[in-house]
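Here is the structure we will look at.
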Amino acid sequence: MATPDESPAAKRWLPLEANPDVMNQFLWGLGLPVDEAECGDVYGLDDELLAMVPQPVLAVLFLFPITCQTEEERLQQDNEKRDASSKVYFMKQTVGNACGTIGLLHSIGNITSEIKLQEGSFLDKFFKSTASMDPMERAKFLENDREMEVAHSVAATAGETEASDNVNTHFICFTCADGELYELDGRKSGPISHGASSPSSLLQDAAKVIRGMIQKNPESLNFNVIALCKKVAGAY
């Protein structure tokens with residue numbers, strides 16, 4: 001999907017499939033240790049199905065269709081002044097169809113104190129290099145990073161469906177920072193707070209927001225929810 005901050009000559013990548021296996025290989029290849037965390041499907045948003053998701057949940061990714069209504073809401077939110085915690089790692093999206101990668105970077109970027117990235121890996125260097133940048137500077141840094149562009153391309157062609165750059169769906173990330181649930185969407189001007197949350201209730205709190213978003217477009221089946229879960233020693 002094109003982005004509001006994308007110039008006419010901007011890069012466009014192939015979209016990342018909403019497939020936990022693809023995302024895992026992508027993240028593990030960039031420096032997330034296999035025994036630290038992994039992505040998995042969330043099969044439904046009722047309590048019984050949420051209870052099946054391994055805990056602790058570190059982040060929630062949501063894929064949804066972009067509609068006239070979602071665009072109106074985005075523009076309305078961009079006109080509202082919002083204060084977000086300085087502890088939230090947020091970046092803009094300037095590369096077309098990069099929302100899956102940016103969703104994953106948002107997921108990892110807000111849990112670097114809870115997981116240990118491989119020293120000197122792409123992710124380790126990326127977050128250290130962009131730590132003091134503003135959201136647009138981070139976007140430009142990503143746009144100019146050849147290693148990430150290649151990794152994204154490999155991941156985008158590894159899915160089960162044929163990759164096409166003509167899509168109207170979009171990935172966002174939900175994370176808990178400073179006791180609040182934040183929606184992180186690189187097409188928006190900044191993080192959106194959805195109220196109080198905690199690491200233990202992150203999945204349930206995100207599911208509540210996601211249910212509301214799905215109810216606004218009940219006829220679509222183009223929704224996917226994926227959880228990034230921390231692996232717990234001895235849990236297997």
Legend entry - Nearest-0.5 Å distance that lies between atom CZ in Phe174 and atom CG in Leu181: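 One gets 6.5 Å once the value is rounded to the nearest 0.5 Å.
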
Legend entry - Atom pair OG1/CG of Thr157 and Leu16 - distance to nearest 0.5 Å: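 Here the rounded value is 10.0 Å.
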
Inset, instruction - Can you tell me which residue pairs pass the salt bridge (Lys or Arg N to Asp or Glu O under 4.0 Å) test with a partner in residues 96-105, sequence neighbours excluded? - result: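 Of all non-adjacent pairs touching residues 96-105, none passes salt bridge (Lys or Arg N to Asp or Glu O under 4.0 Å).
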
Legend entry - Residue pairs passing the salt bridge (Lys or Arg N to Asp or Glu O under 4.0 Å) test where at least one lies in residues 117-132, sequence neighbours excluded: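 Those involving residues 117-132 are Glu119-Lys128, Asp124-Lys128.
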
For [X], give me all partners under salt bridge (Lys or Arg N to Asp or Glu O under 4.0 Å), at least two apart in sequence or on another chain.
X: Lys116; result: none
X: Asp178; result: Lys87
X: Glu183; result: Lys188

Got a sec, which residues hit side chain to side chain contact (heavy atoms under 4.5 Å, CB included) with [X], two or more places apart in sequence or on another chain?
X: Ala207; answer: Leu45, Leu50, Arg211
X: Glu48; answer: Asp46
X: Gln118; answer: Pro33, Ser121
X: Asp134; answer: Met136, Glu137

Inset, instruction - Decide if atom CE of Met133 counts as having more than 12 heavy atoms of other residues, nucleotides or ligands within a radius under 6.0 Å. - result: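 Counting other residues, nucleotides and ligands, CE of Met133 exceeds 12 neighbours.
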
Tell me if a side-chain donor or acceptor on [X] pairs with a main-chain N or O of [Y] at a distance below 3.5 Å.
X: Arg138; Y: Ser132; answer: no
X: His152; Y: Gly100; answer: no
X: Asn24; Y: Cys39; answer: yes
X: Lys231; Y: Val34; answer: yes
X: Trp28; Y: Asp35; answer: no

Inset, instruction - Would you please indicate yes or no on a ring centroid separation below 6.0 angstrom for Phe126 and Phe141? - result: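 Distance test on ring centres: under 6.0 Å, yes.
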
Inset, instruction - Could you tell me whether the side chains of Thr94 and Glu143 share a donor-acceptor contact shorter than 3.5 Å? - result: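 Yes, because at least one side-chain N or O of Thr94 sits under 3.5 Å from a partner of the opposite role on Glu143.
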
Inset, instruction - Go through the structure and list residues passing side-chain hydrogen bond (donor to acceptor under 3.5 Å, both in side chains) with Ser129, not counting sequence neighbours. - result: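 With sequence neighbours excluded, Ser129 shows a side-chain hydrogen bond (donor to acceptor under 3.5 Å, both in side chains) to no residue whatsoever.
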
Inset, instruction - Can you tell me which residue pairs pass the ring pair (Phe, Tyr, Trp, His ring centres under 6.0 Å) test with a partner in residues 82-115, sequence neighbours excluded? - result: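 Every pair satisfying ring pair (Phe, Tyr, Trp, His ring centres under 6.0 Å) with a residue in residues 82-115: Tyr89-Phe127, Phe90-His106.
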
Legend entry - ring pair (Phe, Tyr, Trp, His ring centres under 6.0 Å) pairs, two or more places apart, involving residues 29-52: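 Counting only pairs at least two positions apart or across chains, no ring pair (Phe, Tyr, Trp, His ring centres under 6.0 Å) contact touches residues 29-52.
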
